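Okay, so here's the structure we're looking at.
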Protein chains: 2
Amino acid sequence: MAKPRFPAPDHDHQACLSASLERAESAYVEAGGRLTELRASVLRELAASHQALGAYDVIQRLSAAGRRVAPISVYRALDSLLEVGLVHRIESRNAFIACHEAHDESRPILFLVCDACGTVAESGEEGLNEALGNAARNAKFTLDDTVLEMTGLCEHCAGREGTRGH
Amino acid sequence: MAKPRFPAPDHDHQACLSASLERAESAYVEAGGRLTELRASVLRELAASHQALGAYDVIQRLSAAGRRVAPISVYRALDSLLEVGLVHRIESRNAFIACHEAHDESRPILFLVCDACGTVAESGEEGLNEALGNAARNAKFTLDDTVLEMTGLCEHCAGREGTRGH
DNA sequence: GCTAGAAATGTGATATTATAACCTTTCATA
DNA sequence: TATGAAAGGTTATAATATCACATTTCTAGC
Ligand SMILES: [Zn+2]
Ligand SMILES: [Zn+2]
Ligand SMILES: [Zn+2]
Ligand SMILES: [Zn+2]
């Protein structure tokens, strides 16, 4: 994985969005499911933001876009997207983000969450894997999954503390 | 911090419990608050278990012990205990554990959570700190806090998969 | 095309986790 | 023993997540 980076406020975001949806199609083909209208809609709302959104945020946005969806439907769509790896869950926020890159399944992902703007960057930092493996080995722990999240200020917010959103 | 370890099913748990409550007294003196009856009761329920308990689990246990407490009261007690460092929150479970050791404040804590028995071990694995620092630096991220949690099977459960609780 | 089974979604209710607003009690200290 | 701050009580409600069951949509096989 590349160096972790926070998207610049003025990056070509339309590209992010369409890349995300294109990747979704092939991910579902490979995984053996279907990118349904609902799932695509949910993914679109997440991909349209680099911020972590709660399930009910997604519902509101879909509603604003003219589509009323029940919580359970959104959760089911999110579950499916999570399984396929198109979406990540940010545990410390009870929120979700669209994944903007492919991952090496064997490596845990470190999420960097900006407290000011809510933007999330992903990192595959080398060395992390080894340290975690050591910890597991020392404790005789059979590792299944990891949750790695850092909170703080992204480079775009650090300079102008006190603001909300880019 | 010592090597991360899962407490053996037959360890001297009474010692854990009284150590935890003794430490609580001095922690509050140092931090400038008071270990009130309510806070001690909440801590006692958590310390009586090495498992992560939800706030409502704590309420039930207190209730079973003859003490009815409202959710908000337990959450307030938990907030206080968290501030003083006597309790940790496990984000991936929306649950809490009593801390069974003192921590170097400058280092993040890695929690190892057993999926079978719910027991949680703490690790201060060397190398983790450096890897996290690198990730933050690479992303120009101003680090505030970290959440590090691993799930899997503890050494006591790995051998007898399918069981619940020790 | 038609149809049985599987997968996905809809519907309505409800469970679980957490906090708001406001009032009363407890406690340190002067 | 008055006083203010900290802690806790009471009631209501917000925010997050899931259950149970009906309906619709899709896929295969005929
Ligand atoms: Zn973008
Ligand atoms: Zn930011
Ligand atoms: Zn113990
Ligand atoms: Zn276990």
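Reminder, nothing fancy here: chain letters follow the sequence lines and each chain counts from 1. Fair warning: this is a prediction, and the values are worked out from it, not measured in the lab.
- Here dA6(D) presents its P atom at 11 Å from CZ of R39(B), a figure rounded to the nearest Å.
- If you measure from atom OH of Y28(B) to atom C1' of dC27(C), you get 16 Å, rounded to the nearest angstrom.
- Residue S73(A) places at least one side-chain N or O closer than 4.0 Å to OP1 or OP2 of dG10(C).
- Whole-Å rounding puts the N94(A) CG to dT16(C) P distance at 16 Å.
- The CZ atom of R76(A) sits 11 Å away from the P atom of dT11(C) (whole-angstrom rounding).
- Applying the side chain to side chain donor-acceptor pair (under 3.5 Å) test to S92(A) and every residue at least two apart in sequence or in another chain returns E149(A).
- Nearest nucleotide to the F96(B) side chain, out of dT11(C), dA20(C), dA18(C): dA18(C).
- Among the protein residues, L38(A) comes within range of the sugar-phosphate backbone only, with heavy atoms under 4.0 Å from sugar or phosphate atoms but none that close to a base.
- Mapping G32(B) and A70(B) onto DNA chain D via the closest heavy atom, the residue that lands nearer the 5' end is G32(B).
- Atom CG in L53(B) sits about 11 Å away from atom P in dT17(C), given to the nearest Å.
- By the criterion of a centre-to-centre distance under 5.5 Å and near-parallel planes under 30°, the ring of Y56(A) forms a stack with the base of dT16(D).
- Between F141(B) and F6(A), the ring-plane angle classifies as parallel under the 30° and 60° cut-offs.
- A donor-acceptor pair shorter than 3.5 Å can be found between the side chains of S41(B) and E37(B).
- One can place CZ of R68(B) at 14 Å from C1' of dT11(D), the figure rounded to the nearest angstrom.
- Atom OH of Y75(A) is separated from atom P of dT18(D) by 7 Å (rounded to the nearest Å).
- Within the 4.0 Å cut-off from OP1 or OP2 of dA18(C), at least one side-chain nitrogen or oxygen of R89(B) is found.
- At least one donor-acceptor pair closer than 3.5 Å links the side chain of R39(B) to the backbone N or O of R34(B).
- Taking for each of R34(A) and D57(B) the nucleotide of DNA chain C with the nearest heavy atom, the 5'-most of the two is the partner of R34(A).
- Between T36(A) and the phosphate of dT9(C), there is a side-chain N or O to OP1/OP2 separation shorter than 4.0 Å.
- Between L21(B) and L43(B), some side-chain heavy-atom pair lies under the 4.5 Å cut-off.
- To the nearest angstrom, P of dG8(D) lies 8 Å from CZ of R67(B).
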